[in-house]
S.K.: 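Take a look at the following structure, please.
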Amino acid sequence: MSKKILIVDDEPNIVMSLEYTFKKHKYDVFIARDGSEAIAILKAEVPDIILLDIMMPKVDGYQTLQFVKTNEAYKEVKVIFLTAKNKNSDIEKGLAMGVNAYVTKPFSVKKLVKKVDALIN
């Protein structure tokens, strides 16, 4: 059974490279360009892990994370914030809200894949 990953980011280049990478690693990849798209996908598919940007139009990463964390159906879903917000206060806020990991941009795709694999295996 393949693992499912939901990539939520409004940056097309990041989405394309992550989609390519995770498909190569045998993941089923779902893409959302903002939090409202992510929530719509979540209602149809429960991923193993979500890569979630914070700064996005409409519904941001914090609101999306809140939706995931307050919904019983997603209690097993791991969430990694993948964001340009790199201040300690941002990182502390993300961890306090319950993300499983916090990765700042720019990031190493190779390290990110290892982190994802470690969280869900």
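Heads up: numbering here begins at 1 and tracks the sequence.
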S.K.: Looking at every non-hydrogen atom in both residues, tell me the closest pair between Leu65 and Gly94 and how far apart they are.
M.R.: CD2-O, 4.4 Å

S.K.: Sequence neighbours left out, what passes ring pair (Phe, Tyr, Trp, His ring centres under 6.0 Å) with Phe107? Give chain and number order.
M.R.: none

S.K.: Any chance you could measure Ile5, atom CD1, to Thr21, atom OG1, to the nearest 0.5 Å?
M.R.: 10.0 Å

S.K.: In this structure, would Val79 and Leu119 fall into the same cluster of hydrophobic residues linked by side-chain contacts under 4.5 Å?
M.R.: no

S.K.: Please step through side chain to side chain contact (heavy atoms under 4.5 Å, CB included) for the pair Leu42 and Ile50, ending with a clear verdict.
M.R.: CA-CA 10 Å; Leu42 283 168; Ile50 302 170; 4.0 Å; yes

S.K.: Please identify each residue that fulfils salt bridge (Lys or Arg N to Asp or Glu O under 4.0 Å) with Lys115, with sequence neighbours left out.
M.R.: none

S.K.: Are Val116 and Met16 connected, step by step, through hydrophobic side chains (Ile, Leu, Val, Met, Phe, Trp, Tyr) whose heavy atoms are closer than 4.5 Å?
M.R.: no

S.K.: Can you list everything that forms a salt bridge (Lys or Arg N to Asp or Glu O under 4.0 Å) with Lys69? Sequence neighbours excluded, please.
M.R.: none

S.K.: Side-chain atoms of residues 54-64: list all donor-acceptor pairs with protein atoms under 3.5 Å, sequence neighbours left out, distances to 0.1 Å.
M.R.:
| unit_1 | atom_1 | unit_2 | atom_2 | d |
| --- | --- | --- | --- | --- |
| Asp60 | OD1 | Tyr62 | N | 3.1 |
| Asp60 | OD1 | Gln63 | N | 2.8 |
| Gln63 | OE1 | Asp60 | N | 2.8 |
| Thr64 | OG1 | Asp60 | O | 2.8 |

S.K.: Quick one: side chains of residues 29-36, donor-acceptor pairs under 3.5 Å with protein atoms, not counting sequence neighbours, listed by atom name and distance.
M.R.:
| unit_1 | atom_1 | unit_2 | atom_2 | d |
| --- | --- | --- | --- | --- |
| Asp34 | OD1 | Ser36 | N | 2.8 |
| Asp34 | OD1 | Ser36 | OG | 2.6 |
| Asp34 | OD1 | Glu37 | N | 2.9 |

S.K.: Might you point out which heavy atoms bring Ala38 and Val8 nearest each other, and give the distance in Å?
M.R.: CB-CG2, 3.7 Å

S.K.: Partners of Thr104 by side chain to side chain donor-acceptor pair (under 3.5 Å), sequence neighbours excluded?
M.R.: none

S.K.: Carefully, step by step, assess Ile120 and Tyr27 under the rule side chain to side chain contact (heavy atoms under 4.5 Å, CB included).
M.R.: CA-CA 12 Å; Ile120 61 176; Tyr27 281 79; 3.6 Å; yes

S.K.: Kindly indicate, with the supporting measurements, whether the criterion side chain to side chain contact (heavy atoms under 4.5 Å, CB included) is fulfilled by Leu18 and Leu51.
M.R.: CA-CA 10 Å; Leu18 290 176; Leu51 294 180; 4.0 Å; yes

S.K.: Which residues pass the ring pair (Phe, Tyr, Trp, His ring centres under 6.0 Å) test with Phe67, not counting sequence neighbours?
M.R.: Tyr74

S.K.: Glu72: what forms a salt bridge (Lys or Arg N to Asp or Glu O under 4.0 Å) with it, not counting sequence neighbours?
M.R.: Lys75

S.K.: If hydrophobic clusters are built by linking Ile, Leu, Val, Met, Phe, Trp and Tyr wherever their side-chain heavy atoms come under 4.5 Å apart, do Val113 and Phe81 end up in the same one?
M.R.: no

S.K.: Write out all pairs satisfying salt bridge (charged side-chain N to carboxylate O under 4.0 Å, His left out) with one or both partners inside residues 2-18, taking only residues at least two apart or from two chains.
M.R.: Lys4-Glu45, Asp9-Lys105

S.K.: Are Ile7 and Val103 joined in one hydrophobic group, where the rule is that I, L, V, M, F, W and Y side chains link up if heavy atoms are under 4.5 Å apart?
M.R.: yes

S.K.: Can you sort out the partners of Ile91 under side chain to side chain contact (heavy atoms under 4.5 Å, CB included), two or more places apart, ordered by chain and number?
M.R.: Asn88, Leu95, Tyr102

S.K.: Hey, any chance Val99 and Ile39 share a hydrophobic cluster, counting ILVMFWY side chains that come within less than 4.5 Å of each other, even indirectly?
M.R.: yes

S.K.: Taking it one step at a time, do Ile49 and Leu6 satisfy side chain to side chain contact (heavy atoms under 4.5 Å, CB included)?
M.R.: CA-CA 6 Å; Ile49 192 158; Leu6 172 56; over 6 Å; no

S.K.: Taking side chain to side chain donor-acceptor pair (under 3.5 Å) as the test, write out the residues that go with Asn86, two or more places apart.
M.R.: none

S.K.: What closest approach, in Å, do Val77 and Pro47 show between heavy atoms, and which atom pair accounts for it?
M.R.: CG2-O, 3.2 Å

S.K.: Does Ile80 reach the side chain of Leu52, with side-chain heavy atoms less than 4.5 Å apart?
M.R.: no

S.K.: Look up atom CD1 in Ile14 and atom CG in Asp53, then write down how far apart they are to the nearest 0.5 Å.
M.R.: 7.0 Å

S.K.: For Lys85, check salt bridge (Lys or Arg N to Asp or Glu O under 4.0 Å) against everything at least two apart and list the hits.
M.R.: Asp90

